[in-house]
Amino acid sequence: MSAFYVTTPIYYANAEPHAGHAYSTIIADALARYHRLKGDDVFFLTGVDEHGAKIHEAATDAGISPQAYCDRIAPTFTKLWERLNISYDIFMRTTSNMHKRGAEKFLAALYNSGDVYKGTYEGYYCRPCERFVPEKELTDEKICPDHKLPLEWLEEENYFFRLSKYQDRLLAHIQETPEFIYPESRRNELLRVLEGGLEDVSISRASVSWGIPLPFDPDHIVYVWIEALTNYMTALDYENESDRYHTFWPADVHMMAKEITRFHALIWPAMLMAVNLPLPKQIVAHGWLTKDGEALSKTRGIFIDMDTDIETYGLDAFRYYLLREFSFGNDGDYRPARLHARYNADLANDLGNLLNRVLGLVNKNFEGVPTPTIPGEFDDEIKAMAQATIDQLDAHIKTFAFDAALETIWEFVRRINRYVQQTQVWTLAKPETKPRMGTILYNSLEALRIISVLISPFIPDTAEKIQNQIGLTEFDTATAWGGLSVGIEVSRGEPIFPRIDTKKQKQPQPKPEAKPKKKAEKKTTHLVAFADFQKLDLRVAKILAAEPIEGADRLLKLQVDLGTEKRQLVAGIAEHYTPEELVGKQVIVVANLEPATIRNVESQGMVLAGSGDTVVLATLEKEMPLGTQVR
RNA sequence: GCCGGUGUAGCUCAGUGGUAGAGCACACGACUCAUAAUCGUGCUGUCCGGAGUUCGACUCUCCGCACCGGCACCA
């Protein structure tokens with residue numbers, strides 16, 4: 001028996017969970033269950049990351065303390081995991097004492113490694129962001145890229161981790177351990193990042209209050225990302241280095257969505273190298289979900305309605321669909337219509353119906369599970385296929401190919417349907433052929449039992465239902481052929497996946513999603529004196545000409561007419577507007593902004609636009625004379 | 001603009017230097033134990049476009065197009 005430790009990320013607790021969290025967690029759950037089935041000693045971690053400025057901010061917006069806010073959010077995750085039948089062993093909360101003490105221990109060790117140094121962070125700071133704006137994001141105006149507010153020059157004492165020192169070792173490790181980062185596309189991406197060079201990272205924040213103080217300097221709070229990563233160890237009682245820790249560290253799989261691989265595959269391993277601890281074996285990234293071809297978006301109201309689909313098709317259909325239809329590592333397009341198709345074709349027709357027809361025949365002709373006495377055509381083939389399926393499954397899980405894994409199982413399901421068909425069992429009820437009939441039905445039941453075992457990591461409730469109907473009282477995980485006892489009483493219950501007709505399902509569809517979610521928008525952060533506002537000179541202008549800027553995907557060069565004068569502006573709207581459609585439009589322009597040079601093009605002002613998931617130009621309700629002041 | 005990935009039947013995707021595959025959908029047939037289920041047969045493809053290497057390319061090389069990522073860019 002070997003140990004297997006799988007983790008999901010600890011999800012940031014500034015908002016309630018969504019389908020993306022569900023996807024990561026279901027994948028990890030399937031892995032955990034698969035390894036338990038193989039007899040491994042499994043530890044499965046998930047949880048929430050509860051510290052940091054953003055949570056503080058969300059709590060402030062909600063008018064409660066950060067802790068109270070976290071206490072409100074955390075249960076929304078655990079409730080969802082219950083609903084999704086997630087078999088986690090621990091739900092980590094970073095506000096727990098176990099984590100805090102473990103994190104402190106880790107940070108102390110990191111400090112003692114000598115790779116933490118105190119430096120002065122000088123730079124332009126954005127108060128609303130609570131962060132320094134990196135050099136490369138800076139422009140001549142010194143304005144925050146997110147808030148568009150002036151930055152202040154700040155010098156802050158900060159602790160740094162000597163990440164740069166580990167560049168070569170990281171590079172070597174990734175090169176020598178091809179499976180360390182999976183899939184390969186992510187690995188290549190990170191190799192390129194490494195080749196480009198690493199800079200030391202700041203690991204503390206003096207300006208943030210909601211977090212864990214550095215053990216070696218309580219005036220500073222650990223940067224939330226650094227602290228969060230340690231949870232993978234603190235959850236194992238790293239603090240006391242108890243048995244659990246020794247059994248399960250290093251982790252076998254850190255599962256996550258593709259956008260956070262850098263922290264996991266570069267910074268986290270480097271931190272572990274610094275304190276001389278073994279590295280996790282695999283950093284695994286899955287793709288994102290889209291909905292009917294569109295990126296999920298809170299502001300645009302595009303989301304996956306898990307509740308409705310689970311209610312309509314059942315939890316296992318939802319799990320099955322996510323695991324079966326999406327090829328791991330790529331983005332997957334979630335389409336309720338496909339879920340529906342999968343439900344009927346794979347679950348109702350192939351599997352559900354097979355169980356039902358076999359049980360019907362057994363019920364009608366035998367008392368309980370019949371005895372296999374007369375071997376015949378196809379029997380050996382079926383048995384061999386059972387074993388082959390088991391072997392192939394193993395290979396697929398190793399590469400996280402859940403789609404192929406389920407397809408492999410379903411080939412076997414279809415084979416059994418064919419077996420029943422080919423042997424024409426239902427015609428064998430005559431006395432002289434009845435023993436053969438019993439044998440075929442035994443084989444079919446045994447195949448179904450093995451199928452139930454194989455699907456149990458993916459759709460556990462269904463696996464249990466099948467075994468219940470076969471008559472097993474306790475879930476039997478044996479995969480060797482012949483494990484099914486003769487004579488036990490089968491109970492043909494209701495179809496486990498009743499077909500759902502296209503017609504009556506999905507009626508007019510109430511479309512509760514028609515309107516975008518009510519603004520998740522954060523409150524505006526800082527108050528500005530009216531006098532400050534008056535400093536801005538906003539004017540009505542008309543776009544005379546627009547053209548792309550060479551080498552920049554997002555930029556357009558605009559010529560605008562302010563009435564009294566013409567100006568050239570650069571606007572980052574090329575992804576949302578074509579030059580043609582801009583010409584002639586009235587827009588609002590900040591006329592007294594310092595000129596800036598962007599991509600070698602001079603910009604004498606700025607065009608206002610709503611900027612969220614999409615970008616929409618600000619304009620006046622009716623046209624007004626060019627140069628009119630806006631206030 | 002740079003780097004990487006993808007582009008194969010209506011849909012989701014496999015695939016190999018030697019005459020194109022699966023599942024779903026569709027059509028027809030068989031069967032009637034079963035959930036309008038099952039089983040069989042069949043159907044559709046300029047394997048993104050162009051050029052090249054080769055006796056032969058969907059598979060290799062180059063150029064291009066589209067989409068998706070990463071980086072740069074967003075005043």
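Within every chain, numbering begins at 1; the chains are lettered A, B, ... in the order of the sequence lines, protein sequences first and strands thereafter.
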Counting primed atoms plus P, OP1 and OP2 as sugar-phosphate and everything else as base, spell out the protein contacts along nucleotides 2-11 of chain B at 4.0 Å heavy-atom distance: B, S or - for each nucleotide, 5' to 3'. -BS------S
Please figure out whether A:Gln422 or A:Ala348 has its closest RNA chain B nucleotide nearer the 5' end.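 By nearest-heavy-atom nucleotide position, the 5'-most residue is A:Ala348.
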For B:rU16, the nucleotide meeting Watson-Crick or G-U wobble distances (both under 3.5 Å) is none
Would you mind pulling out the nucleotide paired to B:rC62, Watson-Crick or G-U wobble, both distances under 3.5 Å? B:rG50
Looking for any heavy atom pair under 4.0 Å, which part of the strands does A:Ile496 touch: base, sugar-phosphate only, or nothing?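 Result for A:Ile496 = base.
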Within the structure shown, what part of the strands sits under 4.0 Å from A:Asp350 by heavy-atom distance: base, sugar-phosphate, or nothing?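 The residue A:Asp350 makes sugar-phosphate contact but no base contact.
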Whole angstrom is fine here: how far is it from CG in A:Leu339 over to P in B:rU12? 15 Å
Could you state the CD-P distance from A:Gln469 to B:rA34, rounded to the nearest angstrom?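 My rounded result for the distance is 15 Å.
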Between A:Lys434 (side chain) and A:Asn365 (backbone), is there a donor-acceptor pair under 3.5 Å? yes
Salt bridge flag under 4.0 Å for residues A:Arg414 and A:Glu411: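 The answer is no: the pair does not qualify as a salt bridge.
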With a 4.0 Å cut-off on N to O distance, would you call A:Glu259 and A:Arg186 a salt bridge?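 Salt bridge between A:Glu259 and A:Arg186, a charged N being under 4.0 Å from a carboxylate O: no.
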Quick check on B:rA37: is either OP1 or OP2 less than 4.0 Å from any side-chain nitrogen or oxygen of A:Asn417? no
